[in-house]
Structure formats: C-alpha cells, structure tokens
Amino acid sequence: MKNENLVPKVRFKGFSDPWEQRKLGELFNERKEKSSQGELLSVTINSGIVKFDTLDRKNNSSADKSNYRVVRYGDIAYNSMRMWQGASGLSMYNGIVSPAYTVITPRTNTDAGFMAVNFKRKSMIQVFQRNSQGLTSDTWNLKFPVLKNIRISIPKITEQQIITELFTVINNLIAANEDKLEQLKTLKKLMMQKIFSQEWCFKGFTDPWEQRKLKNIAIRVRGNDGRMELPTLTISATQGWLNQKDRFSENIAGKEQKNYTLLKKGQLSYNHGNSKTAKYGAVFKLDIYTEALVPRVYHSFTVKHNNSADFIEYLFATGSPNRELRKLVSSGARMDGLLNISFDAFFNINLQVPIATEQMKIAKFFRKTDNLIAANEDKLNQLKKLKKYLMQNMFV
C-alpha cells in the first residue's frame, strides 16, 4: 500500500506521518482470565459495554459462572458471534462477561479508546464480517486466533490519544443530548396528562372546561379547486404529515382529483385509520405547507373563530376523545382499512374544552415545548452526522 493511502483525509495539525499497518495480534493480547466473581457486564451494539442490571432484559446467564471471562477497565470486549454487526466496546468497568465474548487488552503504544472507535467503523465491521467463520450468519464467529491476523492501519500513540479525546467529547455530548431529549419528552407527556385532565391549570384560569360537540367549534372542509400540482399528503400517527411524492401522472390526475380535499395551512384532518399507536385514528393540523391535497376519506375541518387549532390537535394527541370515538366504531367494522366513522358522527363527538384564552395559552405552551424538542433533535442529529463524518475521514 502506498504511503499516500495511509494518510487520513482529516487530521489534527502537527501530524503528517503516514499511518502504519499492523496486525491486531501485535496491538492486543487476549485476556484468558476466568472468574465466577464480579459484576455481570454485557456487550451491546449501540451502547458498547454496559452493566447487565441496567438493561431491561431477562437474566439468562448460567448459574455456574466458573467459565465467565474477566474484563478489566480499559479492555475491549466483543461478542464473538456478533462482531460482524459491531457488538464490541471499551469497558469502563471491572467485571465478568459470558464465555461467548472475547476480551482483549491493549499492548504498549496501543490506545484502547482509539481502537474501540475504529472497531465501530463501517469499513472495519465489513472486515470483521469477511473474517468471521461459519456456514451461515447465525453461526459466524470471530475468535482471537483469527482476529489477531487482521491487519489495521494506526498512527503513533500520541495521535491515537488525541483522536480518542475528540470522540470522547463527541460521545459525551451525544449522550447528554439524548438524555435531555428524553427528559423533554417525558416532561411533555406528564404536562399533557396533567393539563388535559384538568388536574393542573395555568395561573389565572380556574373555570371548569365545558363539554362541547366538535361541530360547535369547527367547520367541515371539503372539495378542491382542480389544482393537482400541490403536495399530496397522508397522515401517519407517529410521523405526522407524509408527502406522497409523484402521486399523480397527467393521465390519471383528472380522474383522481375528486378523491382529494384541498387543505390550507392551519386546517386539520382526521385519519380514521386503525394503528398500534393510534387505535382510533389521529388528527393533525397542516403547518408545513400553505396548501396541500389530502385524501377525501379523511375528515377535514377548520376551527371557528375564538378557538385554537393547535389546542384541538393536542387534545386529540392525548387520546382523551378516544372514548367518544370508540362508541362510533360498530363492532370492528372497517371500510377500506378505515374505522367505520362517518363525518357526521365524528362531528358530533363531545370534547372537553376551556375558554378561548386558555386554549391559546395551552397551545402556545405545547408548541414551544415541541419546538424545543425539535431543536434538540436537530442538534443531536448534527452531532451524529459529525461523528459519522469523522469516523469516515479521520481513519485509514
């Protein structure tokens, strides 16, 4: 291999020497120590080495742990039958792992953190897959006698260490943002439960909510003006609006035009389709387009003056109208995959709603919460993209 092929595309200033090719057996020894004593650890694909008791998993480990392998802080352990899927990690703990795992310990001038990141790279995992032995993927395994002969490119120890420091910072940022995102989602769920059950209320609002029929606070939306060049959307209970790209051709556009409703920004649609996450369908407000086409079988509507479309969307998201919707479903009847709920019946369901100013207050709070969640999701995705880029370009 030419020297220019042993230089990464992205590098810290001050490092210019080409990387060296070495066998993994020159960089690691296999730790063969066994013990039945110690904290049980597990190697996961996504989180590396974790304490087993932190996993939501049944303990199927053997009662006789005399053959379990010892893991020390700074070792790398991997699942011999899942190394081709990336099941490896750097241990931050002392403990024991199943005999199905292989434990390797770094030699002098080998930084285990650097190698742990390297082992997670897609190109490296492909190397592990090619070297795994077995007739089928269910039996593929990569024991140390084979692993030690795999050649890998590495820089000098000082460059290894600084790369490890960088990925440690990135991984910590990702973990912190994942934790923050989970906390925000948990907070939103709690607030929706408390506010829409009227257990909690904002300061200044003490009046009980009124029971009103949907038809008293909303107006039906139907028909279209013949334009078929607009985005054609469908509703997913988990993802919201989905754009059905290239839905129409010139030959069928006119024929299918009558099957779609023109929905404008701020208006809502109810997809009365049954799913695991929305047993009685889902309602979403159009906010990503000024105008769009939605299936005519959806029940589309706009709220009347002095009511909040956002509030109605969040109200349906809580599932509180489900009791009313359940009454409308006639013994499991379906129509083209939809719940058998007519528009008139849908418009006659009873909802618990507060006065307009309280609707606005609640809607504004949850919209801000959603925006905060979205911003954190975007930040997390950017960090993951940065990590992926560096893993592709900072290694040879």
Side-chain angles (χ1 to χ4, degrees), residues 187-222 235 237-238 240-241 261 263-287 294 297-335 338-370:
L187 174 63
K188 178 187 172 183
K189 183 178 180 180
L190 173 66
M191 295 298 289
M192 290 188 76
Q193 289 174 344
K194 297 296 185 180
I195 289 176
F196 284 93
S197 68
Q198 302 171 60
E199 186 175 344
W200 291 354
C201 62
F202 287 100
K203 185 177 180 180
F205 297 100
T206 57
D207 293 338
W209 293 11
E210 295 181 358
Q211 181 173 287
R212 302 179 67 186
K213 290 187 180 297
L214 179 58
K215 66 181 181 181
N216 292 328
I217 59 175
I219 302 170
R220 185 173 189 175
V221 172
R222 68 169 90 193
I235 289 175
T238 55
W241 293 107
T261 299
L263 200 68
K264 296 184 178 182
K265 191 171 186 177
Q267 296 176 341
L268 304 103
S269 261
Y270 168 52
N271 175 1
H272 48 111
N274 178 278
S275 69
K276 290 182 179 179
T277 54
K279 189 175 181 180
Y280 297 100
V283 169
F284 280 93
K285 186 191 81 168
L286 183 65
D287 56 5
V294 301
V297 291
Y298 288 2
H299 299 333
S300 298
F301 58 99
T302 185
V303 298
K304 293 180 180 179
H305 181 64
N306 283 336
N307 287 280
S308 166
D310 282 331
F311 174 84
I312 297 300
E313 181 183 38
Y314 285 119
L315 177 62
F316 275 92
T318 67
S320 59
N322 281 354
R323 180 177 297 179
E324 290 285 310
L325 296 171
R326 185 168 61 244
K327 297 176 186 176
L328 305 179
V329 181
S330 57
S331 62
R334 300 288 185 271
M335 177 185 65
L338 297 175
L339 297 171
N340 189 24
I341 299 176
S342 69
F343 184 86
D344 288 340
F346 174 65
F347 241 39
N348 273 291
I349 64 172
N350 292 305
L351 302 175
Q352 293 289 329
V353 296
I355 60 175
T357 50
E358 189 172 0
Q359 286 186 42
M360 306 294 181
K361 184 82 172 180
I362 292 170
K364 185 177 180 180
F365 171 79
F366 283 110
R367 192 58 69 191
K368 282 186 175 181
T369 303
D370 278 343

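Everything quoted here is computed from the prediction, not taken from an experiment.
- Taking the charged nitrogens against the carboxylate oxygens, K188 and D370 do have a contact shorter than 4.0 Å, which makes a salt bridge.
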Could you please spell out the steps behind the salt bridge (charged side-chain N to carboxylate O under 4.0 Å, His left out) verdict for E313 and R367?
CA-CA 11 Å; E313 181 183 38; R367 192 58 69 191; 2.9 Å; yes
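- For D287, there are no salt bridge (Lys or Arg N to Asp or Glu O under 4.0 Å) partners, not counting sequence neighbours.
- Pairing each heavy atom of F301 with each of A218, the nearest pair is CD1-CB, 3.7 Å.
- Taking both residues in full, the closest heavy atoms of L263 and L286 are given as O-CD2, 3.4 Å, listed atom of the first, atom of the second, then distance.
- In this structure, OG1 on T318 lies 11.5 Å from CD1 on I195, to the nearest 0.5 angstrom.
- Contact check for Y280 versus R326: side-chain heavy atoms found under the 4.5 Å cut-off.
- When atom types are taken as modelled, the side chain of H272 and the backbone of S342 share no donor-acceptor pair closer than 3.5 angstrom.
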Go through the steps for R212 and L351 under the test side chain to side chain contact (heavy atoms under 4.5 Å, CB included), then give the verdict.
CA-CA 5 Å; R212 302 179 67 186; L351 302 175; 5.9 Å; no
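- By the side-chain contact (heavy atoms from CB on, under 4.5 Å) test, S197 is found to be paired with E199, residues two or more places apart in sequence or in another chain being considered.
- Rounding to the nearest 0.5 Å gives a distance of 8.0 Å between CG of D207 and CD of E358.
- Aromatic ring orientation, Y314 versus F366: tilted (interplanar angle from 30° to 60°).
- Annotation: side chain of P354 is not in contact with side chain of Q198 (no heavy-atom distance under 4.5 Å).
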After noting the C-alpha distance and the side-chain angles of W209 and F311, does the key distance pass the ring-ring contact (aromatic ring centres under 6.0 Å, His included) rule?
CA-CA 13 Å; W209 293 11; F311 174 84; 5.7 Å; yes
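- For the atom pair I349 CD1 and Y270 OH, the distance stands at 7.5 Å (nearest 0.5 Å).
- When side chains are defined from C-beta on, L190 counts as touching W200, because their heavy atoms get closer than 4.5 Å.
- Contact record, A363 with D310: CB-CB, 3.5 Å, taken as the closest heavy-atom pair.
- Using a distance-only test at 3.5 Å, with no hydrogens or angles considered, a donor-acceptor pair links the side chain of W241 to the main chain of K285.
- Atoms OG and NZ, on S308 and K364 in that order, are 12.0 Å from each other to the nearest 0.5 Å.
- Not one N or O on the side chain of Q359 forms a donor-acceptor pair closer than 3.5 Å with the backbone of N307.
- Across all their heavy atoms, A237 and S275 have their closest contact at CB-OG, 4.0 Å.
- Rounding to the nearest 0.5 angstrom, the gap separating the CD atom in Q211 from the CG atom in N350 is 4.0 Å.
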Side chain to side chain contact (heavy atoms under 4.5 Å, CB included) evaluation trace for I362 with F205
CA-CA 11 Å; I362 292 170; F205 297 100; over 6 Å; no
Would you check, one step at a time, whether the test side chain to side chain contact (heavy atoms under 4.5 Å, CB included) holds for T261 with Y298?
CA-CA 8 Å; T261 299; Y298 288 2; over 6 Å; no
Step by step, would you call K304 with I217 a side chain to side chain contact (heavy atoms under 4.5 Å, CB included)?
CA-CA 5 Å; K304 293 180 180 179; I217 59 175; 5.6 Å; no
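- Minimum heavy-atom separation, A309 to V303: N-CG2, 3.7 Å.
- With a 6.0 Å cutoff to the six-membered ring centre and a 45° limit on the axis angle, R220 counts as a cation-pi contact of F343.
- Other residues, nucleotides and ligands place no more than 12 heavy atoms under 6.0 Å from the NZ atom of K264.
- Although no hydrogens or angles enter the test, the distance criterion places a donor-acceptor pair under 3.5 Å between the side chain of N274 and the main chain of K279.
- Contact record, L315 with P321: O-CD, 3.5 Å, taken as the closest heavy-atom pair.
- Between the CD1 atom of I341 and the CZ atom of F347 there is a distance of 14.0 Å, given to the nearest 0.5 Å.
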